[in-house]
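I have placed the structure first, in the form of C-alpha cells, so that the comments after it can refer back to it.
FYI, the numbering just counts along the sequence from 1.
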Amino acid sequence: MQFDKYQHHRFSRRQLVQYASLSGMGLLLCSCGDSSSRVSPIFKPLNQQSDKVRSLFEPLNQSIEELIFQAKTPAPEYPTSAIEPNALLINSFDTTPVINPSSFKLIVDGAVNNPMQLSMNDVRSLPLISMVIRHVCVEGWAAIVQWGGVRLYDLAKLVQPKAGARYVYFESADNYYESWDIASALHPQTLLAYQKNGQDIPIENGAPLRLASPIKLGYKQSKWVIRVTFTNDLVQQRRGYWVDEGYEWFAGL
C-alpha cells in the first residue's frame, strides 16, 4: 500500500448535490431515535420497522457518504483563541479505566506487514500534530478543542498495511470498540491524541490515547484506545458498539 498520495475523485456540483440529497434522506430515515439508552441517547431505532428501513438504506447511504468524503476539502481548523475549554462534555460508557502511561502498550496489528507494540514514549517520538477543530456530538452539542497527537497515517507508515486492508478497528480499555473505513482512518486530520488544549489529556477524556478527528461524529472517536487493527473485512455483528445498536456506521461530517 502506498502512502505518498491520497486518491481523490472529482465530481460535478450537480452530482454532489444529488448525492447529498440521497444521503440526507438515508440519514433522516436511519436517525430516528429515543432517549431510552442506559448511557447517553444516540439515535436508537424506534422499532423493528426502523431496523428494516435502516437495513435497506444504510449500504446506499454509506456508499454516497464515501463518495462525498473523497471529494471534500480538509475540515475547518480554528485559531487557539476559539477554543471552548468547558464545552467538551464527558459521555460515560461503562467505567472510566485508569491506565498507567509508563506501562501502556499500543498494539497495532492485523493485515499489516510489520505489527508493533508501542509504548507512550514510542508514540511521543513520532511527529506531533496539533489542530484546533470542532468536536460534534450526535446528541446536538459541539465544542472547539485543541488536540495534539500522532496521525494514524504516520502509524500506518510504520506497520505497512497490506494491499487488501480496507477497515481499521479500534479497541478501548473499557471494552468499547469502533471501526472506520481506511480512507477516513488515514485522513491527515485523524489523530491518536494524547494532548487536549496543550496539556496531557485527562483520564476522563480518554488518556493516554484517544481518537480525535473533525471528519467523524463523536461516537466514532474512541477513548482509551489500546489496540488498532487493520482488516480486510468487517465483522457485521461487531462494527461498533453504538453501530451494533442501530446507529449509522460511516457517521461522517
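Counting only residues at least two apart or in different chains, salt bridge (Lys or Arg N to Asp or Glu O under 4.0 Å) contacts with residues 100-121 comprise Asp109-Arg227. Each ring pair (Phe, Tyr, Trp, His ring centres under 6.0 Å) pair with one or both residues in residues 95-127, not counting sequence neighbours, would appear here, but there are none.
Taking the side-chain hydrogen bond (donor to acceptor under 3.5 Å, both in side chains) definition, one finds that Lys220 meets it with Glu178, sequence neighbours left out. For Gln189, the side-chain hydrogen bond (donor to acceptor under 3.5 Å, both in side chains) criterion is met by Glu77, not counting sequence neighbours. The side-chain contact (heavy atoms from CB on, under 4.5 Å) search around Asp200 returns Arg124, not counting sequence neighbours. For the side-chain contact (heavy atoms from CB on, under 4.5 Å) test, residues two or more places apart in sequence or in another chain that qualify with Gln146 are Thr80, Ile83, Ser130, Val132, Asn197. Residues passing the side-chain hydrogen bond (donor to acceptor under 3.5 Å, both in side chains) test with Gln221, sequence neighbours excluded: none. Under the rule for a salt bridge (Lys or Arg N to Asp or Glu O under 4.0 Å), Arg134 has no partner lying at least two apart in sequence or in another chain. Every residue was checked against the ring pair (Phe, Tyr, Trp, His ring centres under 6.0 Å) condition with Phe230, not counting sequence neighbours, and none meets it. Take Asp233 and apply the side-chain hydrogen bond (donor to acceptor under 3.5 Å, both in side chains) test, not counting sequence neighbours, and it matches no residue. With sequence neighbours excluded, the residues forming a side-chain contact (heavy atoms from CB on, under 4.5 Å) with Ser179 are Tyr169, Leu234, Arg239, Trp249, listed by chain and number. Listed by chain and number, the residues in a ring pair (Phe, Tyr, Trp, His ring centres under 6.0 Å) with Trp147 amount to none (sequence neighbours excluded).
Judged purely by atom type and a 3.5 angstrom limit, Gln199 has no side-chain atom pairing as donor or acceptor with the backbone of Lys196.
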Ile226 and Leu106: CA distance, side-chain angles, deciding distance, side chain to side chain contact (heavy atoms under 4.5 Å, CB included) verdict: CA-CA 5 Å; Ile226 59 173; Leu106 174 69; 5.6 Å; no
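Of all non-hydrogen atoms in Thr96 and Glu204, the two that sit nearest each other are CG2-CA, 4.4 Å.
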